[in-house]
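One structure is given below, encoded as structure tokens.
Counting convention: from 1, in listed order, for ligands and their atoms alike. Just so we're clear, the structure is a prediction, and the values are computed from it rather than from any experiment. Scope of the values below: all heavy atoms of this structure, side chains included, with no hydrogens, waters or symmetry mates.
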Amino acid sequence: MSEVILEEAPNIQEQFQVSSPALMVIFGASGDLANRKLLPAIYKLFQQRLLPHNFVILGYARSPLTDDEFRSRARSSVIAHADGDLQSSAWDVFATRLFYISGDYDDDEGFKRLRCRMKSLDKQWDIGGNRLFYLSTPPSVYEPIVACLGAAGLVEPTGGRSWTRIVIEKPFGSDLESAHKLNDHVLSVFEEDQVYRIDHYLGKETVQNVLVLRFANGIFEPIWNRNYVDNVQITVAESIGVEGRGGYYEKAGALRDMMQNHLMQLVSLTAMEPPIAFDAKAVRDQKVNLLQAIRPLQPEEVPKYVVRAQYEAGTAATQPIPAYLDENGVASDSTTETYVAWRLEIDNWRWQGVPFYLRTGKALPRKASEISVTFRSVPHLLFESTEGFDGAARQSADMAAPLNRDILSRNVLTMRIQPDEGITLKTLAKRPGPSVNLTPVNLEFTYGHSFGDPPDAYQRLLLDVVLGDSTLFTRRDEVELAWQRITQVLEGWYMQEEQVVSRDDPFLLPKYPAGTWGPEEAGNLLAREGQNWHAV
Ligand code: BG6
């Protein structure tokens with residue numbers, strides 16, 4: 001087989017293990033996710049020599065394509081989405097590892113052809129039987145694909161000389177019942193340790209760093225609890241609207257699309273107890289314990305703690321955005337939420353009484369994901385409030401909120417997940433001068449400055465799958481617990497809508513103009529407790 005000089009990346013190879021050979025079958029290989037994320041990420045891993053020369057990709061989708069057509073599409077994807085990083089020598093070698101076969105997702109004949117092709121590729125490339133199936137299709141075909149894989153005899157049980165693994169994209173179900181059913185189905189063919197439920201937030205360096213910050217630094221753990229923490233805020237804001245994904249989004253909404261997975265993961269990592277080791281079982285056990293401790297909501301309590309809203313036309317991050325109701329694929333009377341804010345509580349010794357405020361939405365003023373831990377203020381502030389204190393401090397707080405000396409003097413630790421990845425600790429300092437003027441200053445760490453740009457989340461996650469490390473993937477009990485809490489909110493919403501409909505009165509969803517920070521109701525959720533959302 002031809003060899004090639006790939007990108008010199010000695011440090012990367014020292015840090016990471018190179019995986020074993022494998023045949024990766026991508027279902028939905030001609031689709032958006034495969035093109036935007038998977039193929040560019042696999043190419044980058046290959047280019048960095050983190051995948052062996054006999055790591056082979058077989059695309060499977062309905063569209064009839066030849067191997068060469070698939071290669072040429074993959075090339076365009078890599079050019080468009082791998083930061084322009086297409087080394088032609090590396091690409092030429094990589095392209096010879098790309099193959100394609102078309103077929104339906106529920107057709108045993110198609111899967112027989114798939115089996116034959118896999119067998120011949122395995123032999124040709126001396127792969128030794130390792131198989132990785134990646135479901136990058138609409139969720140409606142997850143079950144038929146899994147059934148056909150089982151029927152075609154393509155799933156080897158764990159413990160043999162080779163391995164079989166499956167990666168399942170989100171959404172994994174649409175409520176507790178469907179997630180449970182999908183788990184039952186998948187686990188009738190695969191074993192749990194062969195299943196990698198992906199949440200790409202866990203592949204982000206900044207998300208993994210939450211655990212490192214908490215558990216590799218001695219100063220945080222002693223104060224990471226109800227005695228010192230006043231509240232925790234998690235914001236995952238996007239400036240884009242649904243952008244042509246109206247058909248999918250109508251059935252999802254912000255609660256299912258973002259809260260069930262990404263925000264629940266961020267809550268778990270921020271609030272979980274220290275695991276006894278950094279391995280899949282220990283970390284996931286603690287995340288599960290935390291999810292179990294999230295206070296369940298009765299349907300009638302939901303409107304008090306959870307705010308939902310939908311965007312109207314406006315301009316976000318300089319882009320004009322049509323009203324959600326005018327997006328393609330959206331019903332003109334849709335009540336699908338594009339924004340959710342949730343005040344939740346965690347019933348355990350560490351967090352009793354500490355509110356966790358979560359919010360996520362589309363068409364907000366900018367893209368920004370961050371976790372802010374606000375510490376209690378000092379028991380007695382010696383220093384008089386001065387012009388310097390109020391004026392400067394206000395810049396880092398919500399401009400709309402009333403000035404509150406106690407709130408402004410709190411220390412806030414902010415973990416910026418993206419963009420401008422980094423960590424800031426807001427402290428108060430004396431402004432130089434003859435009087436004691438307090439002013440907030442930030443102790444700052446930025447990823448870009450220390451380490452350069454973080455790699456794409458999919459690179460890390462794909463490498464972990466081929467290495468067989470499931471620490472950053474979601475276990476069955478974890479995904480079902482997250483759905484259980486989300487389903488309670490959905491039940492509250494159904495009840496709210498039914499009550500209103502039965503009064504012959506249409507349900508009115510709060511609205512917010514695109515380019516603003518959400519509806520007034522979300523501000524009130526905090527204001528009634530004397531809090532305000534941090535400016536992000
Ligand atoms: C996906 C959601 O899981 O995450 C999208 O389906 C959302 O609606 C995306 O835009 C956001 O991911 P990121 O990495 O850009 O924050």
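Note on ring orientation: taking the six-membered ring where Trp is involved, the planes of H262 and H200 are perpendicular (angle over 60°, cut-offs 30° and 60°).
The shortest side-chain heavy-atom distance between V78 and Q47 does not fall under the 4.5 Å cut-off. With a 4.5 Å cut-off on side-chain heavy atoms, R62 and V141 count as touching. By the 4.5 Å heavy-atom criterion applied to side chains, R245 and D257 are counted as neighbours.
Taking a heavy-atom cut-off of under 4.0 Å, ligand 1 is surrounded by K170, H200, Y201, K204, E238, R245, D257, M258, H262, K362, K367, Q418.
Remark: the T336 side chain and the E250 side chain contain an N/O donor-acceptor pair separated by less than 3.5 Å. In this model, a donor atom of one side chain and an acceptor atom of the other lie less than 3.5 Å apart for S178 and D175.
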